[in-house]
Number of protein chains: 2
Amino acid sequence: MSEPTQDKAQKDKAQRTSAAIVDAALTLFRERGYQGTTMREVAAAAGVSTGNAYYYFRSKEELVQGFYDHLADEHARACAPELARITHFGERLHAVLTEWLRVARPYHAFAGRFFAVAAQPDNPLSPFSPESSGARRTSVGIHADVVAGSDVRPDPQLVEHLPELLWLYHLGMILYWVHDTSPDQARTQDLVARTVPMVDRLVRLSRLRVLRPLTTQAVGLLGALRAR
Amino acid sequence: MSEPTQDKAQKDKAQRTSAAIVDAALTLFRERGYQGTTMREVAAAAGVSTGNAYYYFRSKEELVQGFYDHLADEHARACAPELARITHFGERLHAVLTEWLRVARPYHAFAGRFFAVAAQPDNPLSPFSPESSGARRTSVGIHADVVAGSDVRPDPQLVEHLPELLWLYHLGMILYWVHDTSPDQARTQDLVARTVPMVDRLVRLSRLRVLRPLTTQAVGLLGALRAR
DNA sequence: GTCTATAGTGGGATAGAC
DNA sequence: GTCTATCCCACTATAGAC
């Protein structure tokens with residue numbers, strides 16, 4: 001039997017190796033794109049053998065999962081101070097989306113490939129996969145925080161689903177961002193600035209009696225969508 | 001100089017070869033999936049060399065374009081009799097979407113890969129690419145016909161953009177369909193049946209004065225989205 | 001049982017003859 | 001426009017180190 005300290009040391013080493021591979025991959029992807037980067041190069045840059053890289057990541061595409069998680073963590077860290085500072089719902093939402101755009105900017109060039117991978121339903125990366133990676137929970141959690149720490153009290157039947165709806169809205173912005181060829185993705189920033197006030201207004205109006213049927217219908221639809 | 005008849009004969013031959021490759025690919029994709037089919041097999045089944053297959057299609061993914069166009073044509077043919085028969089706007093829209101689901105059903109198993117390819121912005125297949133394939137124009141055209149031959153007269157400022165908005169709605173249904181694992185994609189059929197009446201109602205209400213600002217805002221947004 | 005290294009295999013893609 | 005021949009690299013099998 002091996003000692004716990006040894007197990008721990010091995011675990012640490014494994015984590016460092018795994019991180020080194022992801023770091024190397026991200027750097028190379030940024031430098032020469034996804035297609036232009038070979039697994040041999042990634043492994044060499046990380047100081048491991050190709051076989052070893054495949055021990056940690058079963059395919060080249062699975063390396064993108066590393067990017068996904070990395071981005072979600074970085075985004076969460078970037079949002080924390082903003083969300084501690086702002087209380088206005090629309091401004092909170094705007095801050096979260098703006099931070100995402102800032103954090104993701106260096107990867108825009110190969111984000112198309114990333115998105116293509118994520119769009120495949122059978123892929124664990126798919127944002128719609130039932131119990132997908134922690135990245136989805138992280139993202140929905142951020143939007144739950146956006147609502148919880150804000151000045152709005154939406155329709156009670158809506159409040160439960162609002163974080164997920166905001167996450168879907170966020171996904172829509174990402175879809176547009178991926179296709180955005182304007183410098184520094186300025187168009188997506190415009191789009192966010194234009195649509196956030198609409199979302200803000202809709203959420204605030206959701207308590208109005210006249211909008212109840214629409215809200216109920218939308219919430220029902222979301223439930224039907226999610227049931228599997 | 002070669003005679004015109006010779007040129008024509010060559011063109012015909014090229015078209016036949018190209019079609020043979022697409023046909024072989026579609027059959028093999030259906031039988032053993034996208035990943036499970038090799039270019040060598042496709043070429044062999046089409047009776048040409050692999051090099052020749054690459055003369056017509058620069059990559060395996062580009063073969064999916066053939067599927068895309070094939071589907072759009074088949075869909076247009078399937079819709080024609082329905083659209084000649086029905087005048088109610090909601091029913092026309094429902095017929096178009098139902099026919100799409102019927103025509104696309106045999107390909108559902110490998111549609112995930114197809115969608116992943118289409119989602120890549122740099123890919124000519126991307127439904128958002130400025131002057132993408134005829135498939136997009138075919139699809140928007142069908143929705144223009146849905147509006148033109150129907151009993152609704154929507155808000156004038158909306159009518160110009162409505163076919164494209166309906167096409168976007170159709171894309172949304174396809175996105176859901178791709179991820180739909182229920183038998184015969186019954187869930188997507190439910191979703192269509194649920195949402196078509198909502199779209200129908202919205203379009204009919206678009207003339208109401210109270211909804212004008214919202215319509216204007218939405219149309220303005222669409223214009224901003226499309227400008228490149 | 002956890003991790004690493006080496007030596008393949010198969011298939012996507014290309015060059016250049018005809 | 002079509003072929004043959006070949007390259008290159010994603011991925012695998014497997015042996016062995018710790």
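Sequence lines set the chain letters: A, B, ... in the order given, protein chains first and strands last, and positions in each chain run from 1.
Between Trp177(A) and His108(A), the ring planes are perpendicular. Angles over 60° get that label, and only those under 30° would be called parallel.
In this structure, the nucleotide among dA10(D), dC11(D), dG12(C) sitting nearest to the side chain of Ser59(A) is dC11(D). Distance from the side chain of Arg40(A) is smallest for dC9(D) among the nucleotides dC3(D), dT4(C), dC9(D). The side chain of Val48(A) approaches dA5(C) more closely than any other nucleotide in the set dG1(D), dA5(C), dA5(D).
Phe57(B) comes within 4.0 angstrom of no nucleic acid atom, judged by non-hydrogen atoms across all strands. Nucleic acid contact for Ser18(B): none, since no nucleic acid atom lies under 4.0 Å from a heavy atom of the residue. Nucleic acid contact class of Thr38(A) (heavy atoms, under 4.0 Å, all strands): sugar-phosphate only.
In terms of phosphate contacts, Tyr55(B) brings a side-chain nitrogen or oxygen within less than 4.0 Å of OP1 or OP2 of dG1(D). Side-chain N/O atoms of Thr50(B) include none lying less than 4.0 angstrom from OP1 or OP2 on dG11(C). In this model, the phosphate group of dG1(D) is not approached by any side-chain N or O of Asn52(B) to a distance below 4.0 Å at OP1 or OP2.
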Exercise. Are Arg85(B) and Glu82(B) close enough, and set up right, to give a salt bridge (charged side-chain N to carboxylate O under 4.0 Å, His left out), and what steps lead you there?
Worked result: CA-CA 5 Å; Arg85(B) 194 169 58 76; Glu82(B) 297 294 296; 3.0 Å; yes

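As rounded to whole Å, 20 Å separates atom P of dA10(D) from atom OH of Tyr56(A). Between the OH atom of Tyr54(B) and the P atom of dA15(C) there is a distance of 13 Å, rounded to whole Å.
Proximity of Thr17(A) to Tyr55(A): side-chain heavy atoms (C-beta onward) are nowhere separated by under 4.5 Å.
Among the candidates Arg187(A), Met173(A), Gln189(A), the single residue satisfying the side-chain contact (heavy atoms from CB on, under 4.5 Å) test with Asp180(A) is Arg187(A).
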